[in-house]
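For this chain, numbers begin at 1 and follow the sequence in order.
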Amino acid sequence: MLLLSRRKWQSVFFGSDDPVGKQILKDKTPYLVKGVFEKDPKFHLQFNYLISLSAMQIPGERMQSWSWHQFVTYAKLKKGVDVNTLESKFQNYVKLNANSLTNDAATSLDKPLFQPLKRIHLYSADFKFDLAQRGNIIYVNALTIIAIFILLIACFNFINLATAKSLQRAKEVGVRKSVGAGRTQLMVQFIGETVLMTFISILLSFCLAMFLLPWLNDFTNKDISFSVFANPVVWMLLLALTLVVGVIAGFYPALVLSGFKPVKVLKGNISADETPGKIPWLRHGLVITQFALSVLLIISAIVVFKQVDYLHNKDLGFNKEQIMFFPMRGDNMFNKADAFKNELLKVPGVSSVSIGYGFPGDAVAGDEIIVSHNGRQTTQSATQITADYDYVKTLGLHVIAGRDFSKEMKTDKDHAWIINETAVRQLGFQTPQKALGQDLYWHPWGASNPDSLKTGKIIGVVKDFNYKSLYDKVETTVIQIFPDAAWKVAVKIKAAGIGNSINGVKNAWNKFTPEYPIEYKFLDENFEQMYTAEDKLRSLLLIFTCIAIFIGCLGLFGLAAYTAERRKKEVGIRKVLGASTQNVVMLLSKDFIALVVISLFIASPIAWIFMNKWLQDFAYRIHINWWVFAVAAIASLSIAFITVSFQAIKAAIANPVKSLRTE
């Protein structure tokens with residue numbers, strides 16, 4: 001039985017005809033079309049057809065094995081069912097039955113977890129054996145928080161600059177109050193002005209978003225549309241954002257402006273908060289906060305950059321370069337696998353070929369392995385890699401004890417195992433040398449006799465190699481020769497003339513199965529794709545960090561300009577008394593630099609906590625070294641000093657006569 005996708009398969013194979021009740025061949029096996037479905041781009045699984053599980057002819061013993069759990073089960077629950085209670089019952093049932101059937105292996109079995117369908121896309125980043133198109137809620141939340149950080153930095157800048165410049169509107173406030181204006185009326189006016197500026201900025205940001213939308217779609221591989229008028233929720237959110245940001249940014253400046261006493265203002269007796277001995281606590285606090293947020297982003301960006309670089313460059317324990325691999329197709333290729341391999345070896349530039357199941361970066365299978373200790377057999381879970389004689393050679397695995405498979409040894413085909421370092425420890429062999437010659441037992445896949453048992457000795461130990469992403473630890477892994485499970489081919493190609501070698505591989509393919517197109521990848525590309533989300537996070541974090549620093553510097557630049565203006569007479573007097581340009585620059589810069597230093601002490605431990613928690617998701621990760629915080633400190637202090645010193649130098653080199661001639 002088969003269900004077809006309306007948009008693609010129905011039109012390709014049946015045109016405008018009704019396909020229901022007709023047959024279609026898949027790998028020369030006829031299937032009856034029972035229905036047609038409409039593809040939903042929002043569904044987490046994207047496929048062109050569905051085949052019933054019963055039609056897959058999976059061996060019965062596999063379906064009865066508690067350690068073979070590579071399926072995702074969907075269950076429609078009755079209304080009113082307590083999901084947590086039902087989940088607990090399922091977990092207890094699996095634990096009870098798995099313990100009775102698999103002994104020690106039950107401890108490594110994944111417990112069944114219930115998850116609502118609508119949460120799959122964002123809340124399944126760490127799920128195994130799932131082909132869903134998934135996002136990561138952690139990254140969504142992180143980017144949302146960063147966007148809020150940037151918005152807060154902008155608001156703090158506005159508050160700082162508005163309060164610093166408040167004296168310029170003091171006489172306006174005094175005049176309006178003297179003719180009867182109340183404080184509430186003035187606050188509404190000033191907040192309204194801020195809301196209006198926020199609304200204008202929203203319009204500008206909307207235009208900018210529309211301009212950048214094609215780049216965003218290309219970056220995210222999405223088809224995002226942004227139409228305010230088509231979706232009333234969007235423009236309502238934008239309107240709410242305008243009001244919230246406008247009120248937050250404008251409330252305190254409005255409070256300060258509306259609080260001026262008209263008598264003092266009109267007499268010119270009002271003074272700034274820069275009066276000697278008086279500390280502008282709010283302004284300093286906002287500067288510290290905004291630079292703390294910027295420092296937090298700088299440290300986070302450095303850690304993410306280092307971790308992503310580590311993901312792409314860590315020694316995986318094998319050589320992934322110039323390895324082309326693809327699935328086998330067609331009966332002729334499967335029946336003549338050795339002949340196909342020999343044909344590939346004739347291609348110029350091909351140095352090695354391996355046919356098997358379980359190549360790094362691709363699907364691997366877990367199964368039970370039986371170990372004998374002191375006459376007692378125990379069952380443990382292990383990753384099963386079915387290989388041929390050239391698997392270790394093609395991937396460049398490092399044999400640290402014993403030997404590789406050899407055609408000269410007739411027993412290797414049916415009675416030999418190679419294990420990894422982790423298996424040495426987990427299976428209780430203590431050292432690689434002591435593992436050699438030990439017996440392992442396995443129930444072969446697809447065996448006609450369910451009680452059949454493969455017996456073999458460990459002939460070699462290889463260094464641990466990361467056949468999965470660095471999110472996962474290397475597990476107990478056993479490699480054996482088992483041609484029945486082989487379905488993928490790995491071809492090691494020399495770097496010189498790689499294009500001609502690829503064409504040669506294609507020609508060899510066409511000799512055995514011309515009815516199917518070859519679908520090949522390169523192993524290194526497969527591993528690169530594993531960390532696409534981290535690569536995008538790195539790029540976005542860099543952009544957001546630069547924006548946050550730029551906005552923070554704009555505010556600092558404005559405050560430095562205002563401070564220099566307010567203290568120009570003081571600077572003039574100091575210069576007349578012999579102060580050098582360097583003395584004046586340090587005088588005007590030291591307060592701001594001190595604020596940045598305080599922000600460093602606040603942001604550094606917070607950044608360490610958050611980034612250390614993020615790194616916990618990776619089984620293999622970097623350590624956050626002290627120099628990360630040193631680099632962030634040097635960067636932030638340098639940026640702040642350059643920003644402030646521009647205005648400080650300008651004030652320091654000004655002619656003191658001009659600032660003092662009115663005194």
Side-chain angles (χ1 to χ4, degrees), residues 44-47 70 72 110 120-143 218-222 300-301 303-327 354 356-366 383-385 391 394-397 420 422 463-475 477 487-492 519-542 611 613-622:
H44 64 282
L45 294 176
Q46 294 297 310
F47 45 82
Q70 292 173 293
V72 177
D110 291 332
I120 290 177
H121 179 67
L122 290 177
Y123 296 88
S124 307
D126 57 345
F127 280 21
K128 301 177 182 179
F129 311 124
D130 188 6
L131 300 178
Q133 294 182 340
R134 294 173 290 182
N136 193 326
I137 190 61
I138 295 177
Y139 293 161
V140 173
N141 290 337
L143 295 176
D218 182 66
F219 180 77
T220 59
N221 294 321
K222 304 288 184 183
S300 300
V303 173
V304 170
F305 265 71
K306 292 296 295 180
Q307 177 63 17
V308 173
D309 183 68
Y310 178 78
L311 294 177
H312 288 298
N313 297 296
K314 179 185 180 294
D315 181 10
L316 300 177
F318 68 96
N319 186 359
K320 65 178 184 295
E321 306 299 329
Q322 278 85 50
I323 295 182
M324 174 185 181
F325 77 110
F326 47 84
S354 177
Y357 174 80
F359 288 101
D362 198 42
V364 294
T383 296
Q384 290 277 356
I385 292 178
Y391 184 90
T394 303
L395 293 179
L397 302 185
N420 67 347
T422 298
K463 181 181 178 182
D464 279 345
F465 61 102
N466 295 93
Y467 46 85
K468 294 188 287 187
S469 78
L470 297 183
Y471 276 101
D472 303 306
K473 286 185 177 180
V474 173
E475 300 171 343
T477 304
W487 77 295
K488 285 220 171 171
V489 183
V491 182
K492 181 70 174 178
E519 299 174 351
Y520 70 90
K521 292 182 179 180
F522 279 88
L523 213 58
D524 56 348
E525 294 175 352
N526 233 31
F527 275 85
E528 292 293 320
Q529 292 174 359
M530 289 181 181
Y531 311 116
T532 301
E534 287 72 28
D535 289 335
K536 291 180 178 179
L537 176 66
R538 175 176 61 178
S539 300
L540 290 175
L541 193 57
L542 175 63
M611 296 316 298
K613 184 177 181 181
W614 176 70
L615 289 172
Q616 297 304 314
D617 290 336
F618 298 92
Y620 302 91
R621 53 188 177 268
I622 63 169

- Is a side-chain donor or acceptor of N319 paired with a backbone partner of G396 at a separation under 3.5 angstrom? no
Check: I385 and Y357 side chains under 4.5 Å, non-hydrogen atoms:
no
By side-chain contact (heavy atoms from CB on, under 4.5 Å), A301 pairs with (sequence neighbours left out) L541, T545
With a 6.0 Å cut-off (strictly less than), is the heavy-atom count around NZ of K536, excluding the residue itself, greater than 12? yes
field: Test item: Q307 side-chain N/O and R621 main-chain N/O as donor-acceptor pair under 3.5 Å
entry: no
- prompt: Under 4.5 Å between any side-chain heavy atoms of V489 and Y520, yes or no?
  reply: no
Correct closest heavy-atom pair for M530 and G361 would be CE-CA, 3.3 Å
For this session: State, with a plain yes or no, whether a side-chain heavy atom of Q384 is found less than 4.5 Å away from one of V364.
Result: no
Side-chain donor or acceptor of T394 paired with backbone N/O of Y391 under 3.5 Å: no
The salt bridge (Lys or Arg N to Asp or Glu O under 4.0 Å) partners of D617 (sequence neighbours excluded) come to none
In this structure, NZ of K306 is separated from CE of M611 (nearest 0.5 Å) by 13.5 Å
With a 4.5 Å heavy-atom cut-off, do L537 and W614 have their side chains touching? yes
side-chain contact (heavy atoms from CB on, under 4.5 Å) filter on K320, not counting sequence neighbours, yields L316, F318, L523, D524, F527
Notebook entry, point to check: Is D472 reaching over with its side chain to a backbone N or O of A619, donor-acceptor style, under 3.5 angstrom?
Noted result: no
Practice task
Determine whether K488 and F359 make a side-chain contact, defined as any pair of heavy atoms from C-beta on separated by less than 4.5 Å.
Solution key: yes
Salt bridge (Lys or Arg N to Asp or Glu O under 4.0 Å) pairs touching residues 309-318, sequence neighbours excluded, are D315-K463
- request: Assess whether side chain to side chain contact (heavy atoms under 4.5 Å, CB included) is satisfied between N466 and Y620, documenting all intermediate values.
  value: CA-CA 10 Å; N466 295 93; Y620 302 91; 3.3 Å; yes
Hits for side-chain contact (heavy atoms from CB on, under 4.5 Å) against E534, two or more places apart or cross-chain, chain-then-number order -> Y139, V308, L311, Y471, Y531, F618
N141 meets the side-chain contact (heavy atoms from CB on, under 4.5 Å) criterion, sequence neighbours left out, with I137
Flag side-chain contact, heavy atom, 4.5 Å: I323 against F522: no
Do the side chain of T477 and the main chain of E475 share a donor and acceptor less than 3.5 angstrom apart? yes
For P360 and L395 the tightest heavy-atom approach is CD-CD1, 3.6 Å
Closest non-hydrogen contact found for I622 with L615 is O-CD1, 3.8 Å
Discussion item. When you compare the side chain of F325 with that of K521, does any pair of heavy atoms fall below 4.5 Å?
Written reply: yes
